[in-house]
> 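Could you have a look at this structure, given as structure tokens, before my questions?
The residues of the chain are indexed from 1 along the displayed sequence.
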Amino acid sequence: MNKPDVKEAATAQLFRKLPSIDEVMRSAGMARMADEYGRESAADSAREVLARLREEIALRLLDESTLELALAGLENAVETHLRRALSYSLRPVINATGVILHTNLGRAPLSVAAMEHIRETASQYSNLEFDLPAGVRGKRDVHVERLFQKLLGEEINGAEHGVSTIVVNNNAAAVLLALNTLAEGGEVIVSRGELVEIGGSFRIPDVMAKSGAILREVGTTNRTRISDYERAITDKTRLLLRVHRSNFEITGFTEQPSPAELIALARDRGIPLMEDLGSGALFDLRSVGIVGESGVLDSLRSGVSIVTYSGDKLLGGPQAGLISGDTSLIQRMRSNSLFRALRVDKLIYAALEATLLAYVRHDHRGIPALAMMRLTQAEVGERAEALALQLSNLKLPKLNIEVIDGESLLGGGSAPSSVLPTRLLAVSCEGVSADQMVDRLRGSNPPVIARVDENRVVLDLRTVFPADDIRVLQALLAFQS
Ligand SMILES: *Cc1c(COP(=O)(O)O)cnc(C)c1O
């Protein structure tokens, strides 16, 4: 035999050592797993583990002795696989990035009250669409509409028909519904500098096309004047649209009409002005030190007809798209059949109602995202110092820990240039690179998500729930071993 044949024969020999699935399933250990996890799941995992071994033999990654070892650990490997297959993929992580509305990490964490309200209403029957006093069919949006009336309606005096709000799945759906209702077959005027793409492939031109409205771009990327809008208005124009530049800024040689100019133009021509705020705030952003950003009330007060915004950005609630504005326009959206397709379920109404109620009661600290924004640099710093002290008391020679100044971000496409001063734990470890450290922190249980800055790992406790500080400490301790 020549050499390749010898190798092939050896490989065939290894394949023959693999037990059949029936043989595997006959062992006492597998019988226990079949009992505990179900026979089918246990057999599926055994099949997966055997298939992996087969692959490793084919790739010549195993010889006789390593295969023996693998077979001796077969039951353990099956059980590990089984546990993973039957556990959740979606799980909690500790956000130590300092980005409060982190899109990859689920944006706004829900309040305790929201979770409690979901639990009590969604695990039982509820009056979701039942008018209890009258005993007849009701509407699901009455539960939040009364709160939006308090928060927005009673605050706006100028609106001709009053202000109403409807709820859809997310802000992308809100923009789609609004454009389709107000401008299908007609034209919508948008500045070139606002034809944005928001993370997760929300592009204004694409949503516009799907809505059946025709995009009429005006101005240039960096400069658009009110006269550009004026000249573009024809008898086909249905809407003027302003889009918040959520994730970028244009600086330098720039020009944009002021909101007041656009509002005056819209009024003069009798065309509604819509603003896609994205991260619409229902509180005064200046209270957390953010200036120059328009909240939902600011926009409506200044005369914008329709505002669209997300439920899980600065509002701090569940994923949802909110459309607030002139009641007669909102009424048209409500009767659009798309509204039925984009409606949200009872869990969202429960979470949103609890979140809005916190606003009505001025309980801003009850909303986790808002509570995080309101933390002062000193408050975050105290917690960071406490952790650093605990770690240094443990005398861990390999770990180097310092508390330094830094910046937290609002995230979620809100106020791209707005940062909050914070204090960071900066950690390095002898013999482990910062990149390796963040990988390992991500692999801890629960995963800790941190970032690298100048060859150190930095952790911002602003976005860590105080009860989790101890877990951050535990994750860091692992580097000592
Ligand atoms: C975030 C954002 C969107 C998309 O909102 P979702 O709730 O994620 O669908 C749309 N427009 C703007 C301006 C945004 O900031």
> Do the non-hydrogen side-chain atoms of Arg334 and Lys139 ever get within less than 4.5 Å of each other?
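A side-chain contact under 4.5 Å exists here.
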> Keeping Arg462 on the side-chain end and Met372 on the backbone end, is there a donor-acceptor pair under 3.5 Å?
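Yes, the answer is positive, given that a donor and an acceptor are paired below the 3.5 Å cut-off.
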> Counting distance only, does the side-chain N/O of Glu353 pair as donor-acceptor with the main-chain N or O of Ala114 below 3.5 Å?
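Side chain of Glu353 to backbone of Ala114, a donor-acceptor pair under 3.5 Å: no, none is there.
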> State whether the side chain of Asp439 and the backbone N or O of Gln436 hold a donor-acceptor pair below 3.5 Å, judged by distance alone.
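No.
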> Are Glu187 and Thr237 close enough that a side-chain donor and a side-chain acceptor fall under 3.5 Å?
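No, Thr237 and Glu187 have no side-chain donor paired with an acceptor closer than 3.5 Å.
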> Checking Arg442 side chain against Ile449 main chain: does a donor-acceptor pair fall under 3.5 Å?
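Side chain of Arg442 to backbone of Ile449, a donor-acceptor pair under 3.5 Å: no, none is there.
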> In this structure, is the centre-to-centre distance between the rings of His244 and Tyr309 below 6.0 Å?
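Not close enough - the centres of the two rings lie 6.0 Å or further apart.
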> Should Phe339 and Asp141 count as side-chain neighbours, where that means a heavy-atom distance under 4.5 Å?
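They are in contact (side-chain heavy atoms under 4.5 Å apart), so the answer is yes.
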> Please check: side-chain N/O of Arg107 versus main-chain N/O of His102, any donor-acceptor pairing under 3.5 Å?
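Flag not set: sc Arg107 to bb His102 has no pair under 3.5 Å.
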> With distance as the sole test, does Arg140 use its side chain to make a donor-acceptor pair with the main-chain N or O of Val344 at under 3.5 Å?
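Answer holds: yes.
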> Hey, is the main chain of Asp435 close enough, under 3.5 Å, to the side chain of Arg440 for a donor-acceptor pair?
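Side chain of Arg440 to backbone of Asp435: no pair is present.
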> Counting only N and O atoms by type, is there a donor-acceptor contact under 3.5 Å from the side chain of Thr220 to the main-chain atoms of Arg223?
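It does hold such a pair.
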> Any side-chain donor paired with an acceptor under 3.5 Å for Thr422 and Asp460?
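Side chains of Thr422 and Asp460: pair found under 3.5 Å.
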> Can you tell me how far apart OG (Ser111) and NE2 (His117) are? Round to the nearest 0.5 Å.
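Rounded to the nearest 0.5 Å, the OG-NE2 separation comes to 10.5 Å.
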> Will you find, in the side chains of Gln124 and Glu120, an N or O donor that is under 3.5 Å from an N or O acceptor?
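Their side chains do not contain a donor-acceptor pair, so the 3.5 Å distance test is not met.
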> Taking atom CZ as the centre, does Arg203 end up with more than 12 heavy-atom neighbours from other residues, nucleotides or ligands that are less than 6.0 angstrom away?
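Not more than 12 within 6.0 Å, no.
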> Between the main-chain N or O of Ser324 and the side-chain N or O of Thr165, is there a donor-acceptor pair closer than 3.5 Å?
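No, the answer is negative, given that no donor and acceptor are paired below the 3.5 Å cut-off.
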> Hydrogens and angles aside, do Asp326 and Ser305 bring a side-chain donor and acceptor to less than 3.5 Å of each other?
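No - no donor-acceptor pair under 3.5 Å links their side chains.
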